[in-house]
Amino acid sequence: MSPAFRAMDVEPRAKGILLEPFVHQVGGHSCVLHFNETTLCKPLVPREHQFYETLPAEMRRFTPQYKGVVSVRFEEDEDRNLCLIAYPLKGDHGTADSVDNSDCEPKSKLLRRTNKKHHVLEMEKTPKDWVRQHWKEEKMKSHKLEEEFEWLKKSEVLYYSLEKKGNVSSQLKHYNPWSMKCHQQQLQRMKENAKHRNQYKFILLENLTSRYEVPCVLDLKMGTRQHGDDASEEKAANQIRKCQQSTSAVIGVRVCGMQVYQAGSGQLMFMNKYHGRKLSVQGFKEALFQFFHNGRYLRRELLGPVLKKLAELKAVLERQESYRFYSSSLLVIYDGKERPEVALDSDAEDLEDLSEESADESAGAYAYKPIGASSVDVRMIDFAHTTCRLYGEDSVVHEGQDAGYIFGLQSLIDIVTEISEEGGE
């Protein structure tokens, strides 16, 4: 058994970990779940799994750390609440070895929630009368789910006002509509297939938001092409249409999702992929400006580090032969909870530290400068349609660089540079 699970001091049948929605997922259709504070998990796609196990060493700092594979099943409590539970893979002694489970939600917590007998849905053995009894109920739930998804599509940009005096990070758990959508879809898919299977493999990945108190997350769909080589004609045509009708075709990148906390107004803003597809190039630039704006001023101290990391990633990808990162995304993450600031109205030493750029931003008697450099992260994610000549089973082998992805990176670099050079707030 994996050391990650061996540390769980519970009964053998309870040696599972309760998976919860990852509240900072802002894009994508694959469900991402919270395994523990530093680890996430998502359904295993063989091609993505292969990518993480074979990716070039120089790309590792631009992707989440891969931590192994677990088995996930859905279970139901006495109140008919569906939950996803992760277990170690049977016979896989190397699974999740690097994962620290000290801050996991053990399955026993689920038991304590109801104080009732816990039922496991072994659907292969479920009597037919149980299926008949719940058929109507599940049909109604499915219809309700579809209505909620339609509402989410229409609510492309949402604003929530948070309590400034309260714990902002804890309030985030209640607002992200995209995270809830993906979690509900995953439960629905697994339940619909439950007659045939109730055990799935999920991969474990680094939680890139774990070191931020109030993560601001930008999900960018990269490249001028999104469909994989194995896509059906219908799928390929659909993806080509989406690219042609969005900024993907023009600049090689489009907004797939965004979560921003604006400390100045105390508002949390969400933008989903449906709105991102409608943006013009100017609208895309304005969305990026909004992402780096805290409600009072532009977070200029973030732009230099972002540009540096984008340039470094571009240099790395230009050295990758044969890779194509179709439908992959790029995450940009920073902390919406800013570091303490110092009033620079009178202290001579502090005034010496005030940069020319910050001086231009000064308004009135006070200018503010964060203590220390703010950290920002740039990572590639979602490799379900990635291909490379190393993947021997692929019928199509590409040569050279992924020009579409690199074009999108250069466009992003150009636009962030424009934002950083403009004087407006």
Side-chain angles (χ1 to χ4, degrees), residues 22-27 152 155-180 208-220 255-276 278-279 282-307 330-343 357-358 360-364 366-378 412 415-416 418-420 422-425:
F22 174 53
V23 298
H24 302 303
Q25 180 179 1
V26 299
L152 282 167
S155 306
E156 296 172 354
V157 181
L158 298 173
Y159 288 87
Y160 297 101
S161 294
L162 304 182
E163 294 290 335
K164 293 184 180 181
K165 294 181 180 179
N167 187 319
V168 174
S169 58
S170 65
Q171 294 182 64
L172 292 176
K173 297 180 180 179
H174 307 291
Y175 292 108
N176 188 335
W178 197 261
S179 171
M180 293 187 293
L208 300 173
T209 68
S210 62
R211 61 193 180 100
Y212 301 106
E213 186 173 345
V214 185
C216 293
V217 184
L218 176 64
D219 186 326
L220 299 170
V255 173
C256 192
M258 184 194 300
Q259 169 183 295
V260 186
Y261 174 63
Q262 298 177 332
S265 61
Q267 286 190 318
L268 188 66
M269 187 274 280
F270 293 100
M271 180 186 295
N272 68 23
K273 66 180 183 180
Y274 304 109
H275 186 77
K278 297 177 181 178
L279 295 175
Q282 180 60 30
F284 177 87
K285 179 179 177 180
E286 291 170 358
L288 255 62
F289 181 91
Q290 188 174 22
F291 176 69
F292 291 111
H293 203 283
N294 70 355
R296 294 193 302 267
Y297 53 83
L298 187 67
R299 295 282 302 274
R300 291 185 179 276
E301 80 278 7
L302 300 170
L303 302 182
V306 167
L307 287 170
L330 189 70
L331 289 185
V332 181
I333 311 169
Y334 70 89
D335 204 333
K337 181 76 170 180
E338 297 180 61
R339 299 187 181 193
E341 296 177 330
V342 184
E357 193 171 61
S358 297
D360 291 338
E361 296 173 13
S362 302
Y366 289 87
Y368 289 94
K369 184 178 182 181
I371 297 175
S374 298
S375 62
V376 62
D377 208 353
V378 175
L412 194 55
I415 292 172
V416 175
E418 287 178 18
I419 292 173
S420 70
E422 292 173 354
E425 287 301 303

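The figures here come from the full heavy-atom set of this structure, side chains too, leaving out hydrogens, waters and symmetry mates.
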Colleague: Just jot down the salt bridge (Lys or Arg N to Asp or Glu O under 4.0 Å) partners of E286, sequence neighbours excluded, or say none.
Modeller: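 Here no residue qualifies.
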
Colleague: Considering the options L288, N272, L218, which one meets the side chain to side chain contact (heavy atoms under 4.5 Å, CB included) requirement together with M258?
Modeller: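 Of all the options given, the one that passes is L218.
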
Colleague: Could you measure the distance from the CG atom of L208 to the CG atom of D377? Nearest 0.5 Å is fine.
Modeller: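 Separation between the atoms: 6.0 Å.
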
Colleague: Looking only at heavy atoms, which two atoms of R300 and S420 are closest? And how far apart?
Modeller: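 Minimum heavy-atom separation between R300 and S420: NH1-O, 2.9 Å.
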
Colleague: Looking at M271 and Q290, what are the two nearest heavy atoms and their distance?
Modeller: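 Closest pair (atom of M271, atom of Q290, distance): CE-OE1, 4.2 Å.
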
Colleague: Measuring from atom CG of L330 to atom SG of C256, what distance do you get when rounded to the nearest 0.5 angstrom?
Modeller: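 It comes to 11.5 Å.
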
Colleague: For the atom pair CE (M269) and OH (Y159), what is the distance rounded to the nearest 0.5 Å?
Modeller: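 Taking CE in M269 and OH in Y159, the distance rounds to 5.0 Å.
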
Colleague: Could I get the full list of side-chain hydrogen bond (donor to acceptor under 3.5 Å, both in side chains) partners for E418, not counting sequence neighbours?
Modeller: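 Once residues adjacent in sequence are excluded, the partners of E418 under the side-chain hydrogen bond (donor to acceptor under 3.5 Å, both in side chains) criterion are K285.
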
Colleague: Return the set of residues passing side-chain hydrogen bond (donor to acceptor under 3.5 Å, both in side chains) with D335 (not counting sequence neighbours), or none when no residue passes.
Modeller: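 Once residues adjacent in sequence are excluded, D335 has no partner under the side-chain hydrogen bond (donor to acceptor under 3.5 Å, both in side chains) criterion.
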
Colleague: Between H24 and F22, how do the two ring planes meet: parallel, tilted or perpendicular, split at 30° and 60°?
Modeller: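 Perpendicular.
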
Colleague: Begin with the C-alpha distance, continue with both residues' side-chain angles, and end with the deciding distance and a verdict on side chain to side chain contact (heavy atoms under 4.5 Å, CB included) for L331 and V378.
Modeller: CA-CA 6 Å; L331 289 185; V378 175; over 6 Å; no

Colleague: If you compare all heavy atoms of L302 against all heavy atoms of P305, which two are closest, and at what distance to 0.1 Å?
Modeller: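 Result for this residue pair: O-CD, 3.3 Å.
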
Colleague: Please enumerate all residues that pass side-chain contact (heavy atoms from CB on, under 4.5 Å) together with C216, with sequence neighbours excluded.
Modeller: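 Checked C216 against side-chain contact (heavy atoms from CB on, under 4.5 Å); matches are V260, Y261, F291, Y334.
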
Colleague: Heavy atoms only: give me the nearest R211-S375 pair and the separation to one decimal.
Modeller: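 For R211 and S375, the tightest heavy-atom pair comes out as NH1-OG, 3.5 Å.
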
Colleague: Using the test ring pair (Phe, Tyr, Trp, His ring centres under 6.0 Å), find all partners of F284 that sit at least two apart in sequence or belong to another chain.
Modeller: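 Here no residue qualifies.
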
Colleague: Any side-chain to backbone donor/acceptor pair from Q259 onto P215? Under 3.5 Å, distance only.
Modeller: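 Between the backbone of P215 and the side chain of Q259 there is a qualifying donor-acceptor contact (under 3.5 Å).
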
